[in-house]
Amino acid sequence: MNQINVLFVCLGNICRSPMAEGIFKNVVEREGLAHHFNIDSAGTSTYHIGENPDIRAIETCGKKGVILRHKGKEFKATDLQQQHYILAMDKSNFANISRVFPDVPFPAKVLLMRDFDEEFKGKDVPDPYYGGMDGFSDVFEMLERSSYELLSYIRREHSI
Ligand code: 4NP
């Protein structure tokens, strides 16, 4: 069976996108669908390559039973060919993805994560890096809501 490749993208790949990766994996596992998916995350910057997620992201997710296992990596042009769904955390990440590789023909669908957050379509997942723990909790909630909707969307597209 061909797997569905899903990549979450933010700037640093230590806060929002590793949280999204962990939360979406958790939702997919709870639905018994893990065997259908490859789920990963990346950043559009090189700031934190090889690093663990931010401790505040690890703690916020850990309290909800979501274990983050990821090392920071940079978003690459090849991701546009290899991924089926690329979820940008905010409009700036979305623009970076499109701007860095404007000439690469690609099959991946590049989407904005909060377009799956029913009452907040078009909004960004705000960068919590320079704020406190509250920001991370808020990010968790919006990512969890969006993850359920994203999974429903993918299930409809793939009839799974
Ligand atoms: P992220 O947050 O994009 O959600 O991982 C950030 C992490 C680090 C930096 C910016 C945003 N930074 O400038 O180092």
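One-based numbering, in listed order, for ligands and for the atoms of each. These numbers were taken from a predicted model, which means no experiment stands behind them.
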[X]/[Y] ion pair, N-O < 4.0 Å:
X      : Y      : value
Glu157 : Lys109 : yes
Asp115 : Lys123 : no
Lys64  : Glu141 : yes
Glu21  : Lys25  : yes

message: Counting only heavy atoms and a distance below 4.0 Å, can you name the residues contacting ligand 1?
response: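 For ligand 1, the residues that come within the 4.0 Å heavy-atom cutoff are Cys10, Leu11, Gly12, Asn13, Ile14, Cys15, Arg16, Tyr47, His48, Asp127, Tyr129, Tyr130.
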Residue pair Asn13 / His48, side-chain heavy-atom distance below 4.5 Å: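 Side-chain contact under 4.5 Å: no.
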field: Listed once per pair and sorted, the salt bridge (charged side-chain N to carboxylate O under 4.0 Å, His left out) pairs that draw on residues 72-82, sequence neighbours left out
entry: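 Qualifying pairs: Asp40-Lys73.
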